[in-house]
Amino acid sequence: ISICRDLPNIEVITFSVNGISDLEPLHQCHNLSELYLRKNNITSLDELFYLKALPRLRVLWLAENPCCGPDPHRYRMTVLRNLPSLQKLDNQAVTEEELSQALVDGVEITAPPARRSLENGWSESTAASTVGSTTEPESELLSCSLEETNKTQEELDMKPIPRDKYSSFSPQETDCSRKKRNNVLNAILLLMKELDAEGLDIIQQTVARRLQAFQKELQEE
């Protein structure tokens, strides 16, 4: 996520399932309008402090982070009190009634989260993320990758990928390469909605040529 410090004009970011715990690198992305952060390691809603300076942020997906806590209402009210310009939170439209209620039930965040430095230079939140991480079985990783890709397609009003088609990828593929491919796919899907008809036509022609090349390679093998 630190790369975002060098991307002040970025408009859409999808970082779901990436072990992210610190949102400070986003505080200068002033053109950011959509931010997808599901299933990370964001432990405190104080991280919203860094998003309050983003005037164009309209869509935030923060669900399934530790900061959401056991009280969904308090969580949603706190987010909306600090980010009243949001139009959609966790894939649910924000209403005027909620914004008014957030002034009563939400908690105002006025300072960034405190981070206790450790001897090795990591922050407390980074260390907690590392210690708490475990190796997921391959079946769970596949399920997670499919879920994330289908969530991205849901955000773009596209049809989900059937599981039998998705699981046809090579079983020898490593967890790292699978995750990398899935991240690339998510990025492409999100960028596609920025294209006009001419751009989409170019994409379609390029994909067709690539598919023909793959089919030729398979026949030769």
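Positions are given from 1 along the sequence. Side chains are part of it too, since the values below use all heavy atoms of this structure and drop only hydrogens, waters and symmetry mates. As the structure is a prediction and not an experimental result, all values here were calculated from the model.
For R76 against A93, the heavy-atom pair with the smallest separation is NH2-O, 3.3 Å. Between N18 and S16, the shortest heavy-atom contact is ND2-O, 2.9 Å. Between N40 and I20, the closest heavy-atom pair is OD1-N, 3.0 Å. Of all non-hydrogen atoms in F15 and C4, the two that sit nearest each other are CE1-SG, 3.7 Å. Scanning both residues, L32 and V12, for their nearest heavy atoms gives CD1-N, 4.0 Å. Listed here is the closest heavy atom pair of L54 and C29: CD2-O, 3.3 Å.
Taking CE from M77 and CD from E98, the interatomic distance works out to 4.5 Å, rounded to the nearest 0.5 Å. In this structure, CG in L26 is found 9.0 Å from CZ in R5, a value given to the nearest 0.5 Å. Here R38 contributes atom CZ and E64 contributes atom CD; the two are 5.5 Å apart, rounded to the nearest 0.5 Å. The line from CG of L7 to CD1 of I1 is 11.0 Å long, rounded to the nearest 0.5 Å. In this structure, L48 CG and L60 CG are separated by 7.0 Å, a value rounded to the nearest 0.5 Å. How far CG of L35 is from CZ of R58: 13.5 Å, rounded to the nearest 0.5 Å.
Linking ILVMFWY side-chain heavy atoms closer than 4.5 Å, directly or via other members, places L200 and V207 in a single hydrophobic cluster.
Partners of H73 by side-chain hydrogen bond (donor to acceptor under 3.5 Å, both in side chains), not counting sequence neighbours, listed by chain and number: D105. Considering only residues two or more places apart in sequence or on other chains, R56 meets the side-chain hydrogen bond (donor to acceptor under 3.5 Å, both in side chains) condition with N31. With sequence neighbours left out, P112 forms a side-chain contact (heavy atoms from CB on, under 4.5 Å) with F49, Y50. With sequence neighbours left out, the side-chain contact (heavy atoms from CB on, under 4.5 Å) criterion links R74 to D71, T78, V107. With sequence neighbours excluded, no residue forms a side-chain hydrogen bond (donor to acceptor under 3.5 Å, both in side chains) with N65. Taking E96 as the reference, L99 meet the side-chain contact (heavy atoms from CB on, under 4.5 Å) condition, with sequence neighbours excluded. Applying the side-chain hydrogen bond (donor to acceptor under 3.5 Å, both in side chains) rule to D6 yields no partners; only residues at least two apart in sequence or on another chain are considered. Listed by chain and residue number, A102, E108 satisfy the side-chain contact (heavy atoms from CB on, under 4.5 Å) test with R81 (two or more places apart in sequence, or in another chain).
Atom CD1 of I3 sits in a sparse spot, with 12 or fewer heavy atoms from other residues, nucleotides or ligands closer than 6.0 Å. Counting non-hydrogen atoms of neighbouring residues, nucleotides and ligands closer than 6.0 angstrom, the CD atom of Q28 reaches no more than 12 such neighbours.
Looking at heavy atoms from C-beta onward, N41 lies in side-chain contact with P66 at the 4.5 angstrom threshold. A 4.5 Å side-chain heavy-atom check between L37 and L23 finds at least one atom pair inside the cut-off.
The salt bridge (charged side-chain N to carboxylate O under 4.0 Å, His left out) analysis of residues 8-20, with sequence neighbours excluded, yields no pairs.
A distance-only check finds a donor-acceptor pair linking the side chain of N82 to the backbone of I109 [under 3.5 Å]. Looking at D90, its side chain does come within 3.5 Å of a backbone N or O of L62 through a donor-acceptor pair.
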